[in-house]
Every structure is written in C-alpha cells, then in structure tokens.
Colleague: 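One structure, as structure tokens, below. Some questions next.
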Amino acid sequence: MAKADPHRLKLSQLRALVAIADRGSFSDAALHMELSQSAVSHAIATLEEELGVSLLNRGRQGAVLTPVGEQITEEARQVLRSLYALCRRADEAKGLQTGEVRIAAFRSVATHILPEVIRQFRQQYPEVVIAIDEKSHYEMVESDLRQGRADVGFTYLPSRDEFEQWELLRDRYIIILPPSSPPHAPLPQPFTWQDLAAYPLILTPNDDGDRQYLDRLLHGWDQQLQPAYVVREDSTILSMVERGLGATIMASLAAEPIPAGLRVAELPQPLERVIGVIVLRDALLTPPVYAFLERLKAVWLQSHAAQPASDLAPGSR
C-alpha cells in the first residue's frame, strides 16, 4: 500500500473529521459546516482513501472514531489550531483584533441589511466594536461621515462627489392598502392615481428624508401627494392602514414585514430608491473598516448571486 501523501490532503477534509468527532454524526457536522451531508461524507471518504485507513465506524448511534481515527483527529486539531494562529498573527499585524467600525444608516438598512453582515464579521473579528447610529434623513448620514462621526454610511444614490460610493440594492416603492371589504376583493389592474385618491393618504412628514426623496421622484411624473395624516414612524403608519384609516406609499424594505391582510399594489409609474454605501473619499480608513466593507460586499454577493459584481464596486454610480 502506498504511503499517505500530505500534499494531497485538504483542509476541508480535516475540518469535516473534527466536526464529526465533535458532534457525533455526519448530519450534525454538515449542519455545523453549512454543507450538505453528502459533501461531508465525500470529504471523509476521500480522506480515508488518501490515508489508507478507516477513521470512523458508522452505525445507528452515529459516527464513532476508530483508534487510529482518534489519533489522526488530534493531529487534525493541531493543524487547524496552527492555521487559526497563523491568521490571528496576520490580523494582529493589520490591526484587526481591536478597534471600532462606526456606521450611520437609516432604520430599514439597520433592520434588514446589517444584522447578517455584523454576525459574520463578529465571528471573524469578535473584539472589534460595531456602533450603529440610526438616522431619519440621508443628509444626516452624509454629515456624520463629513464630520468624522462615522466611518461607513448607508444612503440614497447618487451622493455627493466628496464620497466614494457604490450601489447596494434598489428598493421599489409600493402602495399599501387596508384589508378589502368584502375580503379578497380584487384590486384594479393597473392601479391608477385616481384609484389611490379614493383613500386618505398616510405619509411621513415633509422633513423626513425618504418622504423628500419620494416627492422628488413623483415630481418627475407631475404628481404631488396630499396626505390626510402625517406620521413619522413606519410601524405606526402600517398599523393605521391595518385599521382601515387610509393607504400609504412606502419603500418595500421599510414596510417589511407587511402585516397579514394588507393589500399591496404597484404604483402607476414604477419608482425606486437606490440604496448605496458611502465612505469619505480619500479618508484614512482603519483596517477594521476595510474588513467590514469586504464582509459587506461578500455577504451581499452571496445573497444576490445573480447581481453583477461590478454593481458593488467602489465608484459605481
């Protein structure tokens, strides 16, 4: 039998072996590694083939290490510990073990976009502090970056030339209507401005950043909104619509989760807000900020695999 060749071994095989040893089964190891069970089984099968020994006994009670499997698993743990120590040493040299990332964003971004990015970032850099300051107006986001109170901002694009900026997503505006009477009554297709005029309109105040952005978009279609109610909080607006007090126009992301029973219609003319990430142009960003931006791009590319990578490149307008 040929000798085991260390150059043919893969870190993924060692990680799979350690995960199974720690969790007692292929299925639990696959869940932990966020892989399919077949991928984990393949990793172990090829590892056993390369080494020429049986590492695990499979049975109804799960997977149990063989005596040689126990020894090799301990060696695998040492390899992985050395790998993590190598990465920590490199991160320390880059100043990534401590520090702070200060973020200025409006509520819908803070609620729906940032949590997953922060979760993954904190797994890699647990000592870096993340500070989020929610703003009611995109100009406040830009001001925080300009005054040095924030490192990363989420705002509407295009922004001013003093910022490096790239597009993150496009969020369409929708009409949200109260429950129908009788239930499930169909909406007019298409829904017109005249149809909307039949409902009292509930909107945010004139000084709200999203309201100003929406008004500018509507101005291009010679439309002007006359609200019957002015309410600042999105959740309160949705609650009022739910009780039949009127209808609203809201960005899809800001409306989530839409209460059950409310009806959604498309605007007579499609309108959307372009949400982007900005940093101050030529700013001396710290290593944690650079690392956070890279994690943000990676997460967003994962969840929007069909979106061209160039859409997340700095400088796209």
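For clarity, every value in this text was computed on a predicted model and none was experimentally measured. Both backbone and side-chain heavy atoms feed into the values below; hydrogens, waters and symmetry mates do not.
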Colleague: Hey, does Leu225 have a side-chain heavy atom less than 4.5 Å from the side chain of Leu214?
Modeller: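 Side chain of Leu214 against side chain of Leu225, heavy atoms only: contact under 4.5 Å found.
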Colleague: Salt-bridge test for Arg281 and Glu162: reply yes if a basic N is under 4.0 Å from a carboxylate O, no otherwise.
Modeller: no
Colleague: Can you tell whether the side chains of Arg15 and Glu34 come within less than 4.0 Å, N to carboxylate O?
Modeller: no
Colleague: Any non-hydrogen side-chain atom of Thr248 less than 4.5 Å from a side-chain atom of Leu203?
Modeller: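 With C-beta onward as the side chain, the pair touches.
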Colleague: Distance only, no hydrogens: is a donor on one side chain within 3.5 Å (strictly under) of an acceptor on the other, for Gln120 and Glu116?
Modeller: yes
Colleague: For residues Val264 and Leu267: do they belong to one hydrophobic cluster (side chain heavy atoms under 4.5 Å, members Ile, Leu, Val, Met, Phe, Trp, Tyr)?
Modeller: no
Colleague: To the nearest 0.5 Å, what is the distance between CG (Leu280) and CG (Leu285)?
Modeller: 8.5 Å
Colleague: Is the shortest side-chain heavy-atom distance between Glu48 and Ile44 below 4.5 Å?
Modeller: yes
Colleague: Atom CD of Glu233 and atom CE of Met240: how far apart are they, to the nearest 0.5 Å?
Modeller: 13.0 Å
Colleague: What is the distance from atom NZ of Lys10 to atom OG1 of Thr46, rounded to the nearest 0.5 Å?
Modeller: 6.0 Å
Colleague: Do Ser235 and Arg107 get their side chains close enough for a donor-acceptor pair, meaning under 3.5 Å?
Modeller: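 Side chains of Ser235 and Arg107: no pair found under 3.5 Å.
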Colleague: So, do Leu177 and Phe191 sit near enough that their side-chain heavy atoms are less than 4.5 Å apart?
Modeller: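 Leu177 reaches Phe191 side chain to side chain.
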Colleague: In the structure I gave you, are the side-chain heavy atoms of Val289 and Phe292 within less than 4.5 Å of one another anywhere?
Modeller: no
